[in-house]
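In what follows, a single structure is set out as structure tokens and then discussed.
Computed from a predicted structure; not experimentally measured. Indexing begins at 1, ligand by ligand and atom by atom, following the structure's order. Residue numbers start at 1 and run along the sequence shown. Computed from heavy atoms alone, side chains included, the values below leave out hydrogens, waters and symmetry copies.
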Amino acid sequence: MTKPEKEAAMSSPLPGAPLSDRGNKREGPAPQGPLEDRFGRSKHKLRISVTDRCNFRCHYCMPEDPQWLPREEILSFEELLRLCRLFVTELGLRRIRITGGEPLLRKNIEHFVASLQPLRAQGLERISMTSNGTLLARHAAALKAAGLDDINVSIDALDAELFEHMTHGALEPVLDGILAARDAELPVKLNAVVIRDQNEQEIVPLAEWAYQQNVSLRFIEFMPLDGNGGWNPQRVVPEAEIIERLRRRFAIEALPRTREPATYYLLDGRYRLGVISTISKPFCSSCDRVRITATGDIYPCLFSPVSMALREPLREGASDGELEQIIREAIWRKGKGFVESAGYVQRAAGMHTLGG
Ligand code: SAM
Ligand code: SF4
């Protein structure tokens, strides 16, 4: 791809109406009814981090020397469950994704998954998890039995040395985990962050492998949320360039855009592959997510510099109605998203505390 093509790809328009052109920002306090923000985006998905701890040190996510939060600051499963119940029964959210840090490091995580099951009768449709996969071989069957619907596993390279360089962890257990999940009939999707001068050469091998295994794969553009300050726009491999590389190996057809964050393509007329292009094609105009950190801070957006705390009111005896009002206000005040952040987000919570 030439330099002007790369620049054009980096500034390509939003899918759907750009928020800046909608001009429909509403003022006043948060309304009752479905959970939504001032720009009319209603919320359906909750991503809840159950730990900030991780057994990897992916340089694009973690600081080199992470300071783990004291355990008493992390929400208990009872506290997490109360929030999940509120989000589903009172605020109408339909999907919960459990993330981290590495969620499989949290002891008895299967019990937490099982404790969410009664919420299905209240409208919860899906319970998912995002994991680095290292401990998955050990947990896959129990997670399936507890009622987990699917799991996303992060895998940025098939070259073991490069994988280790990027994550400070070993590839083999991750591959074992992916196969164990398949054996346990737990649906798996793969996520791969692509970073210039690191793993662009892995794009085709990863796609070939996922295609052969018939496992869904999504490439993710590198976002300015890493722990070490190594992000810059030149290190982003935009969607257009990822597709250009794949075109050398596969026949590619773009599929119509949906409300999902990924844009999908059909490879060789049969394999569906996605690209999450937060940087080159932000999808902020259709964002329907809410994020809670392991310490109970609610972030209306990955790129939001501010959060609202739920842990103190939870522990000080707030009623469901009071908690609901805090959540509604936090979401109502959500900004436009990445489209207005233009670069690094300076704040205490890194990607490993927010959960991606
Ligand atoms: N430890 C689990 C894992 O790695 O899947 C869950 C937490 S991790 C923060 C969630 C997702 O965020 C992973 O797929 C990871 O690749 C992605 N991620 C982390 N830092 C990122 C960054 N700077 N840009 C894009 N994606 C990132
Ligand atoms: Fe850990 Fe996931 Fe962050 Fe890697 S991306 S350091 S596995 S939390």
Side-chain angles (χ1 to χ4, degrees), residues 45 47-69 96-106 109 128-136 139 143 148 150-157 163-171 173-174 177-178 181 188-196 198-199 202 206 216-233 235-239 242 261-262 274-280 282-283 289 291-294 299 302-303 338 341 343-345 347 349-356:
K45 297 178 188 154
R47 293 178 79 100
I48 194 149
S49 169
V50 293
T51 180
D52 63 323
R53 288 166 170 71
C54 192
N55 49 355
F56 275 10
R57 296 285 182 281
C58 307
H59 66 81
Y60 53 75
C61 170
M62 281 270 174
E64 255 165 38
D65 185 17
Q67 304 298 308
W68 305 132
L69 295 162
I96 295 177
R97 177 169 296 279
I98 300 165
T99 174
E102 175 44 44
L104 294 180
L105 285 179
R106 181 95 189 236
I109 189 70
S128 307
M129 184 178 281
T130 303
S131 163
N132 64 26
T134 39
L135 302 173
L136 187 54
H139 287 269
L143 287 169
L148 191 75
D150 55 77
I151 189 156
N152 288 358
V153 176
S154 305
I155 179 165
D156 308 321
F163 184 90
E164 197 176 326
H165 176 72
M166 291 181 77
T167 63
H168 292 207
L171 175 66
V174 179
I178 294 167
V188 190
K189 276 194 218 143
L190 308 179
N191 285 336
V193 180
V194 187
I195 302 178
R196 182 162 322 280
Q198 287 258 301
N199 64 337
E202 292 290 301
L206 276 166
S216 176
L217 168 67
R218 292 171 318 164
F219 290 110
I220 306 177
E221 289 179 354
F222 182 24
M223 293 185 248
L225 298 163
D226 59 311
N228 300 311
W231 185 90
N232 67 52
R235 302 196 72 199
V236 178
V237 181
E239 176 179 329
I242 293 173
V275 186
I276 302 184
S277 36
T278 314
I279 310 298
S280 71
F283 39 88
R289 296 169 182 200
R291 292 179 160 83
I292 307 270
T293 66
Y299 277 89
L302 260 183
F303 298 95
F338 178 72
S341 75
Y344 254 115
V345 188
R347 62 168 178 220
M351 195 64 150
H352 69 293
T353 45
L354 264 164

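The contact set between ligand 2 and Cys61, taken as ligand atoms under 4.0 Å from a residue heavy atom, comprises 3 (Fe), 5 (S), 6 (S), 8 (S). Each of the following atoms of ligand 1 lies closer than 4.0 Å to a heavy atom of Gly100: 7 (C). Atoms of ligand 1 lying under 4.0 Å from any heavy atom of Thr99, numbered from 1 in the order shown and given with element: 6 (C), 7 (C). Per-residue contacts place Ser154 under 4.0 angstrom from the following atoms of ligand 1 (heavy atoms of the residue considered): 3 (C), 4 (O), 5 (O), 13 (C), 14 (O), 16 (O). When each atom of ligand 1 is checked for a heavy atom of Asn191 under 4.0 Å away, the hits are 14 (O). Atoms of ligand 1 found under 4.0 Å from any heavy atom of Glu221 (numbered from 1 in listed order, with element): 25 (C). Below 4.0 Å from some heavy atom of Ser131 lie the following atoms of ligand 1, by number and element: 2 (C), 3 (C), 5 (O). Those atoms of ligand 2 with a heavy atom of Phe56 less than 4.0 angstrom away are 6 (S), 7 (S). Heavy-atom proximity to Gly101, at under 4.0 Å, picks out these atoms of ligand 2: 8 (S). Those atoms of ligand 2 that come under 4.0 Å of a heavy atom in Met62, given as number and element, are 6 (S).
Counting protein heavy atoms only, atom 22 (C) of ligand 1 is closest to Tyr60 O, 3.6 Å. Shortest contact from atom 1 (N) of ligand 1 to any protein heavy atom: Gly101 O, 3.0 Å. For atom 10 (C) of ligand 1, the nearest non-hydrogen atom of the protein is Gly355 O, 3.5 Å. Of the protein's heavy atoms, Gly356 CA, 3.7 Å lies nearest to atom 12 (O) of ligand 1. When hydrogens are left out, the protein atom nearest atom 4 (Fe) of ligand 2 is Cys58 SG, 2.3 Å; that is the closest non-hydrogen contact. Of the protein's heavy atoms, Met223 N, 2.9 Å lies nearest to atom 24 (N) of ligand 1. Among protein heavy atoms, the minimum distance from atom 20 (N) of ligand 1 is reached at Met351 CG, 3.2 Å.
Looking at Cys54 against ligand 2, only its side chain comes within 4.0 Å, counting heavy atoms. Using a 4.0 Å cut-off between heavy atoms, Val193 contacts ligand 1 through its side chain alone, with no backbone atom that close.
If you check the side chains of Ser131 and Glu102, you find a donor sitting under 3.5 Å from an acceptor.
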Pair Arg57, Glu64 - check side chain to side chain contact (heavy atoms under 4.5 Å, CB included), show working. CA-CA 7 Å; Arg57 296 285 182 281; Glu64 255 165 38; over 6 Å; no
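Side-chain contact check for Leu143 versus Leu104: some heavy-atom pair is nearer than 4.5 Å. Two residues are said to be in side-chain contact when any heavy atoms from C-beta on lie closer than 4.5 Å; Leu190 and Leu206 fail this criterion. The shortest distance between side-chain heavy atoms of Tyr60 and Asp156 falls below 4.5 Å. Here the side chains of Ile195 and Trp231 are not in contact, with every heavy-atom distance at 4.5 Å or above.
The aromatic rings of His165 and His59 sit tilted relative to each other, their planes meeting at an angle between 30° and 60°.
Here the CG atom belonging to Asn191 is positioned 12.0 Å from the CG atom belonging to Asn132, to the nearest 0.5 angstrom.
Partner of Pro103 under the side-chain contact (heavy atoms from CB on, under 4.5 Å) criterion, chosen from Arg97, Arg53, Met129: Met129.
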